[in-house]
Amino acid sequence: MFDWITGLIRSSGYLGIALLMLAENIFPPIPSELIMPLAGFLSANGDLSLLLVMIAGSFGSLVGLSFWYWVGLKLGTERLKRFSDRHGRWLTMSRRDIERADAWFDKHGGWAVMIGRLIPTVRTLISVPAGVSDMKFGRFLLFSAIGTFAWTAILTMAGYWLQGSYDVVANYVGPVSNIVVGSIAVFYLYRVVTFKRSD
């Protein structure tokens, strides 16, 4: 995968970066932790503009995460409640839980989206509840853009500064991502086992 990412960025430049980051949000096994540091390294070599690399990466991410927002919007709160009535244990949320979560997201959704963009794995998943809660798309896009640009800039600058050692970023962020994913999985299993339906 590393050689494929390298080849695409070298041959397609900013468009390749944007497409890779779009794909990363729809198909998470393509890691931004490799894409953006590599693009930053190429910027350090003078092959690409540092600012345009960040913009291209952020733009691709925003297009990809908007897809999951529309999935959540299409699903909607009422459909999610009906699903919970039948399969609440596997969703680990009752109808009442969904109503509370929806009210919380209405109040704090902007900050949740922005901070969620800085957390591996959560970066993509946070788009779905934003859509489900019918968060205004403009507001969703604004907070997403702030968080996404910050994440993209951090990874790009790491590759820019480390230059030939940019793979260190992926080696560091990769295990952190695995810990986050593992923690989410353990928490989900705990919720399934201890779930109690509340009407």
Side-chain angles (χ1 to χ4, degrees), residues 1-2 4-9 11-43 48 51-76 80 105 109-159 166-167 169-170 172-185 188:
M1 178 177 287
F2 179 85
W4 176 72
I5 291 173
T6 304
L8 184 58
I9 293 178
S11 63
S12 303
Y14 306 113
L15 177 61
I17 294 169
L19 290 174
L20 284 167
M21 291 300 285
L22 187 159
E24 186 259 347
N25 279 272
I26 295 176
F27 189 65
I30 300 175
S32 60
E33 294 88 350
L34 273 179
I35 299 166
M36 296 316 301
L38 175 55
F41 168 68
L42 294 175
S43 296
L48 297 169
L51 178 60
L52 290 179
V53 162
M54 294 177 189
I55 292 172
S58 298
F59 177 78
S61 289
L62 287 172
V63 174
L65 59 87
S66 294
F67 166 79
W68 290 112
Y69 168 87
W70 290 109
V71 168
L73 190 67
K74 184 70 175 176
L75 179 62
L80 191 60
F105 211 92
W111 291 105
V113 167
M114 187 173 70
I115 294 170
R117 295 286 167 232
L118 301 171
I119 303 173
T121 305
V122 176
R123 296 180 58 243
T124 299
L125 297 178
I126 195 66
S127 301
V128 177
V132 168
S133 68
D134 200 20
M135 185 178 187
K136 296 295 183 185
F137 184 66
R139 185 166 180 258
F140 166 78
L141 206 58
L142 173 63
F143 282 97
S144 293
I146 295 169
T148 296
F149 188 81
W151 174 254
T152 302
I154 289 168
L155 292 179
T156 303
M157 292 306 299
Y166 61 86
D167 56 315
V169 180
Y172 174 76
V173 178
V176 173
S177 300
N178 292 337
I179 290 171
V180 172
V181 172
S183 300
I184 291 171
Y188 171 75

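All heavy atoms count here, side chains included; hydrogens, waters and symmetry mates do not. We're numbering straight along the sequence, starting at 1. From a predicted model like this one, the values you see are computed outputs, not experimental measurements.
Considering only heavy atoms from C-beta on, Leu73 stays 4.5 Å or farther from Val132 through its side chain.
Residues Ser144 and Arg117 come closest through the heavy atom pair OG-NH2, 3.2 Å. The minimum heavy-atom distance linking Phe149 with Met54 is given by the pair CE1-CB, 3.7 Å. Taking every heavy atom of both residues into account, Val53 and Ala39 meet most closely at CG1-CB, 3.5 Å. For Phe140 against Ser127, the heavy-atom pair with the smallest separation is CZ-OG, 3.8 Å.
Although no hydrogens or angles enter the test, the distance criterion places a donor-acceptor pair under 3.5 Å between the side chain of Ser11 and the main chain of Leu8. In this structure a side-chain-to-backbone donor-acceptor pair under 3.5 Å is missing from Tyr69 to Leu141.
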For residues 13-22, please give each side-chain donor-acceptor pair under 3.5 Å, one per line with the distance, not counting sequence neighbours.
| from | atom 1 | to | atom 2 | distance (Å) |
| --- | --- | --- | --- | --- |
| Tyr14 | OH | Ser49 | N | 2.7 |

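Interatomic distance, CD1 of Ile9 versus CG of Leu42, reported as 6.5 Å (0.5 Å rounding).
Every residue was checked against the side chain to side chain donor-acceptor pair (under 3.5 Å) condition with Thr148, not counting sequence neighbours, and none meets it. Residues satisfying the side chain to side chain donor-acceptor pair (under 3.5 Å) criterion with Thr156, sequence neighbours excluded, are absent altogether.
At most 12 non-hydrogen atoms from other residues, nucleotides or ligands lie less than 6.0 angstrom from CZ of Phe59.
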Hey, mind stepping through Leu62 and Asn25 against side-chain contact (heavy atoms from CB on, under 4.5 Å) and telling me if it holds? CA-CA 9 Å; Leu62 287 172; Asn25 279 272; over 6 Å; no
